[in-house]
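Both counts, for ligands and for their atoms, begin at 1 and track the order of listing.
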Amino acid sequence: MTAYDYDLFVIGGGSGGVRAGRVAASLGKKVGIAEEYRFGGTCVIRGCVPKKLFVYASQYHEHFEDAAGFGWTVGTSTFDWKALIAAKDKEIARLEGLYRRGLENNGAEIIDSRAEMVDAHTVRLTKTGKTVTADKIVIATGGVANPHAALPGHELCITSNEAFHLEELPKSILIAGGGYIAVEFANIFHGLGVDTTLIYRGKEILSRFDHDMRQGLHKAMVEKGIKIILTDVIEHVAKAPAGGLTAKTKCGETITVDTIMLALGRDPNTHGLGLDAAGVAMDERGAIIVDEYSRTNVENIYALGDVTDRVQLTPVAIHEAMCFIQTVYKDNPTSPDYDLIPTAVFSQPEIGTVGLAEEEAAKRHAELEVYRAEFRPMRATLSGRSERMIMKLIVDAESRKVVGAHILGHEAGEMAQIIGICLKAGATKDDFDRTMALHPSAAEELVTMYSPSYRVKNGERV
Ligand SMILES: Cc1cc2nc3c(=O)[nH]c(=O)nc-3n(C[C@H](O)[C@H](O)[C@H](O)COP(=O)(O)OP(=O)(O)OC[C@H]3O[C@@H](n4cnc5c(N)ncnc54)[C@H](O)[C@@H]3O)c2cc1C
């Protein structure tokens, strides 16, 4: 019989917290889980899921246009933003219900309240002021959009949170940022008919992605009509006299739009969490410092997911939670594996990627073979769309292992998931070569690139 109210108390009902709480409860542990907003967390409520629904919505106008090339006559089409929001909200409510039921069915106690640490074993539930104790505590409070508080007029701008609940679809939008969230929303808004401008301080969007993906997507976005401003930042935002907002940029541009969205990264959500009282150490960004088993410097307190600022992705938070379960409740110390994480940018065209970008691979391997194909996919022929697809395999010349695979084009994310299995299994280029092509498909290009497009030796392209 434990001396505490709970065996495990989880703070935060998002991807990582729910998984840790649900599985621990299924093992017979007494679990309490507190969520201050809505169960499901960022991913379900205001991240991956509603975003992907928006992505689908934003693709229809191209589908309607493309249909003509295949003999279809599509009548006048109109778009109803409010209908999309209502349908999206209904689906999110359904998913939230599933998350709650999953916890309840396994015997976890759901607590709809903010929770804050009082000491290493005590948590205060702010809704009632009640304190509860637990043997182990998992902090999975996620991240928050960087509000860019230093920007004059930042309070007039929105972040991705508000983008999911705008009363009206703006006619024009300026999005600040060059990460995947900024790029995805630029494509979403543009696809829904919004005059869209992206502004980013870097030399090219999507740093850390392979340069062919970055440049290929940039070109495609501009061809669609999205304006992209690079090496510039917004310095000031004010209300425009005729309505909307005016942004002044460092390079002297004045841009007037209906809405400005800041997508400038996400900060660990630790503010006011009482971590000092519990003695939990954080880094200079406020991220909880953990060891290879997600344990903080306080022996009974663990942290996982975005709040630890490792890799900010839903499957990673879930994986960290499963490793926590193995380590703490199954006597099987397991540290998360961050190697070869497949990722996608749900832009239009999409990017799907796994493994090393060419630049990174060149730093790690003395010689690379780079296989690169750029072509017009079959689906773009009759439609007449000037869409290009890029596929790229990066091969370590010595071991012949494929160390990176990068795809720009339709369903690239779906392909990256499967290639992830191959790379994880240690597939070599020869394995790709002896795999039969699936014809006719775009993906067959991945197994039919027989000779290298070029080599990279000691970091130099030859
Ligand atoms: C717009 C957007 C799009 C994204 N798209 C993708 C994508 O396509 N693919 C992908 O893999 N990832 C995506 N992500 C990232 C993904 O959502 C996160 O990596 C993931 O949700 C992290 O899970 P988590 O459990 O760490 O935190 P979260 O899911 O953020 O959950 C934390 C929860 O804790 C709650 N909370 C915070 N403080 C307290 C407290 N003191 N007491 C009680 N509750 C508290 C919060 O309300 C929240 O529900 C996206 C994120 C955003 C913002």
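- Of the candidates Gly143, Ala182, Gly12, Gly14, the one placing a heavy atom closest to atom 31 (O) of ligand 1 is Gly14.
- In this model, a donor atom of one side chain and an acceptor atom of the other lie less than 3.5 Å apart for Thr353 and His406.
- Under a 4.0 Å criterion applied to the non-hydrogen atoms of Asn269, ligand 1 contributes the atoms 37 (C), 38 (N).
- Taking a cut-off of under 4.0 Å to the non-hydrogen atoms of Gly305, the atoms of ligand 1 that pass are 26 (O).
- When Met117, Glu35, Glu36, Arg114 are checked for heavy-atom proximity to atom 35 (C) of ligand 1, Glu35 turns out nearest.
- Considering only non-hydrogen atoms, atom 17 (O) of ligand 1 lies nearest to Cys43 out of Ser160, Cys43, Gly47, Gly272.
- Shortest non-hydrogen contact noted between Val280 and Asn297 is CA-OD1, 3.4 Å.
- Listed by number with element, the atoms of ligand 1 under 4.0 angstrom from any heavy atom of Gly16 are 25 (O).
- Side chains of Gln348 and Ser58: a donor on one and an acceptor on the other come within 3.5 Å.
- Using 4.0 Å as the threshold, Tyr180 has a heavy atom nearer than that to some atom of ligand 1.
- Side-chain rings of Phe164 and Phe185 approach one another, their centers coming within less than 6.0 Å.
- Atoms of ligand 1 found under 4.0 Å from any heavy atom of Gln312 (numbered from 1 in listed order, with element): 15 (C), 19 (O).
- For the residues Gly13, Ser15, Gly40, the heavy atom positioned nearest atom 23 (O) of ligand 1 is part of Ser15.
- Within a 6.0 Å radius of CG in Leu98, other residues, nucleotides and ligands contribute more than 12 heavy atoms.
- Using modelled atom types, one finds no donor on one side chain facing an acceptor on the other under 3.5 Å when comparing Glu204 with Ser207.
- Under the 4.0 angstrom criterion for non-hydrogen atoms, Ala145 is not in contact with ligand 1.
- Of all atoms in ligand 1, listed by their number and element, those nearer than 4.0 Å to a heavy atom of Asp306 are 18 (C), 19 (O), 20 (C), 22 (C), 26 (O).
- Remark: Lys248 does not engage Glu253 in a salt bridge, criterion side-chain N to carboxylate O under 4.0 Å.
- Ring-centre distance between His63 and Tyr60: below the 6.0 Å cut-off.
- Lys363 has no carboxylate O lying under 4.0 Å from a charged side-chain N of Glu359, or vice versa, which leaves the two without a salt bridge.
- Set against the non-hydrogen atoms of Arg266, the atoms of ligand 1 under 4.0 Å away are 53 (C).
- Atoms of ligand 1 found under 4.0 Å from any heavy atom of Leu273, numbered from 1 in the order shown, are 41 (N).
- Of all atoms in ligand 1, numbered sequentially from 1 with element shown, those under 4.0 Å from a heavy atom of Thr141 are 32 (C), 34 (O), 37 (C), 38 (N), 39 (C).
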